[in-house]
Amino acid sequence: FFVHASGVVSPDGSALVFVGDSGCEKSTLAFALARAGWSLLGDDGVVLEPLAGRTIVHGWRSPLLVSTNLEDHFPELGARAADVMVVDRRRRIPMSVEMSAHASLTSLVFVNQGTTGSLRPCVESDALTQLIRQSPWVLRGDRYSAAHFEALRRIVSTTRLLSLTHVPAELSRVAE
């Protein structure tokens, strides 16, 4: 089941999936972790496969796009300013990072920007609502929608759910 999200694999092999609206910096968080030795599953989407007792996250092969506006946090972006994608208001460039094909899901992390950083548990109903917003096929109303909804409900009920509010100043510490 496709979800608009970014996914990363930790050095120990477990997957985190960052879920949130466009512009909440899912890709930025994934890039910060890739710089710390994690690998990327997907930048703008991942595929979740619920199995008995676990969920596998499959990579979605799209380039990791990072905004050059974050040069203060990622100095290497300054040398790549000429690579900004044409007509991209967020001034993003594709970055090359280590990729993974799939991994077992450890946590769904629902991302927001804020003025103060926090990481806290997320309740299932809120997580399911946010996950559905980022999984458009549930909303199609076709013959697969009910099965898609049920799969997302099972994933939410068996996965650690976190809500992350972050500030740019924390990007250098995100792996912690």
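Keep in mind that this is a model prediction, so the values were computed, not measured.
Remark: R153 engages E150 in a salt bridge (charged side-chain N to carboxylate O under 4.0 Å, His left out) (not counting sequence neighbours). In terms of the salt bridge (charged side-chain N to carboxylate O under 4.0 Å, His left out) criterion, residue partners of D142 (sequence neighbours excluded) are, by chain and number, R140. For D44, there are no salt bridge (charged side-chain N to carboxylate O under 4.0 Å, His left out) partners two or more places apart in sequence or in a different chain. When the salt bridge (charged side-chain N to carboxylate O under 4.0 Å, His left out) test is applied to R80, the partners found at least two apart in sequence or on another chain are D83.
Under a 3.5 Å cut-off, the side chain of S107 and the backbone N or O of V109 do not form any donor-acceptor pair. A donor-acceptor pair under 3.5 Å is formed between the side chain of S157 and the backbone N or O of R154. Looking only at distances, a side-chain donor or acceptor of S6 sits under 3.5 Å from a matching main-chain atom of K26.
Taking both residues in full, the closest heavy atoms of G7 and V46 are given as N-CG1, 3.8 Å, listed atom of the first, atom of the second, then distance. Closest approach of A81 and T68 over heavy atoms only: CA-CG2, 4.4 Å. Among all heavy-atom pairs drawn from L77 and S67, the shortest one is CD1-O, 3.3 Å. Annotation for M85 and L65: closest pair SD-CD2, 3.5 Å, computed over non-hydrogen atoms. Listed here is the closest heavy atom pair of A103 and V9: CB-CG2, 3.7 Å.
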Could you pull out every donor-acceptor pair under 3.5 Å between side chains of residues 110-127 and any protein atom, sequence neighbours left out?
residue : atom : partner : partner atom : Å
Q113    : NE2  : E25     : OE1          : 3.4
Q113    : NE2  : E25     : OE2          : 3.0

Output a table of donor-acceptor pairs, distance under 3.5 Å, between side-chain atoms of residues 31-40 and any protein atom two or more places apart or on a different chain; print 'none' if there are none.
residue : atom : partner : partner atom : Å
R35     : NE   : E76     : OE2          : 2.7
R35     : NH2  : E76     : OE1          : 3.3
S39     : OG   : S100    : OG           : 2.4

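Cluster annotation: V174 is connected to V97 through the hydrophobic network of ILVMFWY side chains, with a link wherever side-chain heavy atoms come within less than 4.5 Å. In the hydrophobic clustering of ILVMFWY residues, with side-chain heavy atoms under 4.5 Å counting as a link, L64 and W60 come out apart.
Rounding to the nearest 0.5 Å places CG of L108 at 10.5 Å from CZ of R160. In this structure, I155 CD1 and L48 CG are separated by 4.5 Å, a value rounded to the nearest 0.5 Å. Atom OG in S135 sits 13.5 Å away from atom CD in Q130 (nearest 0.5 Å). Here H166 contributes atom NE2 and R173 contributes atom CZ; the two are 13.5 Å apart, rounded to the nearest 0.5 Å. Interatomic distance, T159 OG1 to L16 CG, rounded to the nearest 0.5 Å: 11.0 Å.
Pairs of residues two or more places apart, or lying in two chains, never qualify as ring-ring contact (aromatic ring centres under 6.0 Å, His included) while including a residue from residues 79-98. Pairs passing the ring-ring contact (aromatic ring centres under 6.0 Å, His included) check and including a residue from residues 3-22, sequence neighbours excluded, do not occur. For residues 129-149, the ring-ring contact (aromatic ring centres under 6.0 Å, His included) pairs, not counting sequence neighbours, are F1-H148, F2-W137. For residues 90-101, the pairs satisfying salt bridge (charged side-chain N to carboxylate O under 4.0 Å, His left out) are D88-R92, with sequence neighbours left out. For residues 13-24, the set of pairs meeting the salt bridge (charged side-chain N to carboxylate O under 4.0 Å, His left out) definition, not counting sequence neighbours, comprises D21-R133.
Using a 4.5 Å heavy-atom cutoff, the side chains of L128 and L152 are in contact. In this structure, the side chains of V47 and V57 stay at 4.5 Å or more apart for every pair of heavy atoms.
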- Intermediate values then yes/no, side-chain contact (heavy atoms from CB on, under 4.5 Å), V66 and D43: CA-CA 10 Å; V66 180; D43 173 36; over 6 Å; no

- Working for side-chain contact (heavy atoms from CB on, under 4.5 Å), residues V19 and L131: CA-CA 7 Å; V19 180; L131 197 58; 4.1 Å; yes

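In this structure, V167 shares a hydrophobic cluster with no other residue, the cluster being traced through Ile, Leu, Val, Met, Phe, Trp and Tyr side chains under 4.5 angstrom apart.
Within 6.0 Å of atom NE2 in H102, 12 or fewer heavy atoms from other residues, nucleotides or ligands are found, so the atom counts as exposed in its surroundings. Other residues, nucleotides and ligands place no more than 12 heavy atoms under 6.0 Å from the CZ atom of R54.
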